[in-house]
Structures are given as structure tokens and as C-alpha cells.
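Counting begins at 1 with the first residue of the sequence.
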Amino acid sequence: KNAALLRVKREAGPGSILAREKEELTFDGIQQGAPALCHACSDKIAKWNVLGIQGSLLSMLLPPIYICGIIVGDLFHQEHIERAICGRLKQPLLVNAVAVPIPFRLHQPMALQARGEKRSEKLKPKKHH
């Protein structure tokens, strides 16, 4: 039910929470102890898969620059990665009920698993003879 909704990381501690629509963080709010929230990594990558990684200033001068591949370590699951980084974005892409303008589009980078020692193998003490 909530799998495709925008989530944000909490300032301290593991996990994420559902984002409220118009979450604003002000200096006064921080001083009064309001929690600082930031987008989860998969939300940032999903955003970059539509808008590109070049930022707003370069968007005026260059076409979107998209990520062509993502390498994931131990916790790789192809379907979960694809859903997190682009599968949950629906076509046609809308922002505030208005279609995303050309040249922006939904780009799907390759998701690959890193090969090599697993983290648990790295932590095992080496036997020296």
C-alpha cells in the first residue's frame, strides 16, 4: 500500500517515515527542536532518473545527464532495486497534475550486483600460519 510513496529518513536512527506533502524546515524550527528530514537514497535516485543529475542551472544549458548504471553490494534484489529507482514512477510523469516537459523522461539505469568478498567474510579473522 505505502511501497511507492515518498519516504524520508529521520534525523537520528534507522528507518524512514512517510513524507508529508509540504514539509518545510526553517531555522526557527531547528532551534525549537523540529526533526530534520531528508529524502531516502532511492528517492534521490528516482528523481535523478527523471530530471538528470546536472542540477537546475546546467538544465538551462544542457540536455539531462542520466545515470547509466548502479552497482549494489550484498543486499541486491533486482525487482526491489528496479521498483525503488524507477518502477514506482508512473507514466505519464506528472508534477502538480502537469506533464513533465520535454526533454525530461523516465530513464532506467542498469542495476548490477557487486562481486567479491561478502561483508561477513571481511570481518572473519584471518588465520596466519
A.B. asks: Any chance you could measure Ser42, atom OG, to Ile85, atom CD1, to the nearest 0.5 Å?
C.D. replies: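 Reported value, rounded in 0.5 Å steps: 9.5 Å.
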A.B. asks: List for me each residue that meets side chain to side chain donor-acceptor pair (under 3.5 Å) alongside Gln78, sequence neighbours excluded, and say none if there are none.
C.D. replies: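 Only Glu82 meet the side chain to side chain donor-acceptor pair (under 3.5 Å) criterion with Gln78.
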A.B. asks: Ignoring hydrogens and angles, write down the donor-acceptor pairs under 3.5 Å from the side chains of residues 57-71, residues two or more places apart or on other chains.
C.D. replies:
unit_1	atom_1	unit_2	atom_2	d
Ser59	OG	Gln54	NE2	2.8
Ser59	OG	Gly55	O	2.7
Tyr66	OH	Val50	O	2.9
Tyr66	OH	Arg105	N	3.2
Tyr66	OH	Arg105	O	3.4

A.B. asks: Could you state the interatomic distance from CD1 (Ile45) to CD1 (Ile81), rounded to the nearest 0.5 Å?
C.D. replies: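 If I round to the nearest 0.5 Å, the distance is 8.5 Å.
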A.B. asks: Give me each pair satisfying ring-ring contact (aromatic ring centres under 6.0 Å, His included) with a member in residues 42-61, each pair once, sequence neighbours excluded.
C.D. replies: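 For residues 42-61: none.
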A.B. asks: Which distance, rounded to the nearest 0.5 Å, do you find between the CD of Gln113 and the CG of Asp74?
C.D. replies: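 Atom-to-atom, Gln113:CD and Asp74:CG are 8.0 Å apart.
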A.B. asks: Report the residues that fulfil side-chain contact (heavy atoms from CB on, under 4.5 Å) with Ala46, sequence neighbours left out, ordered by chain and then residue number.
C.D. replies: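 Result, side-chain contact (heavy atoms from CB on, under 4.5 Å) vs Ala46: Arg88, Leu89.
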A.B. asks: Who pairs with Leu51 by side-chain contact (heavy atoms from CB on, under 4.5 Å), at least two apart in sequence or on another chain?
C.D. replies: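 Leu51 satisfies side-chain contact (heavy atoms from CB on, under 4.5 Å) with Lys47, Phe104 only.
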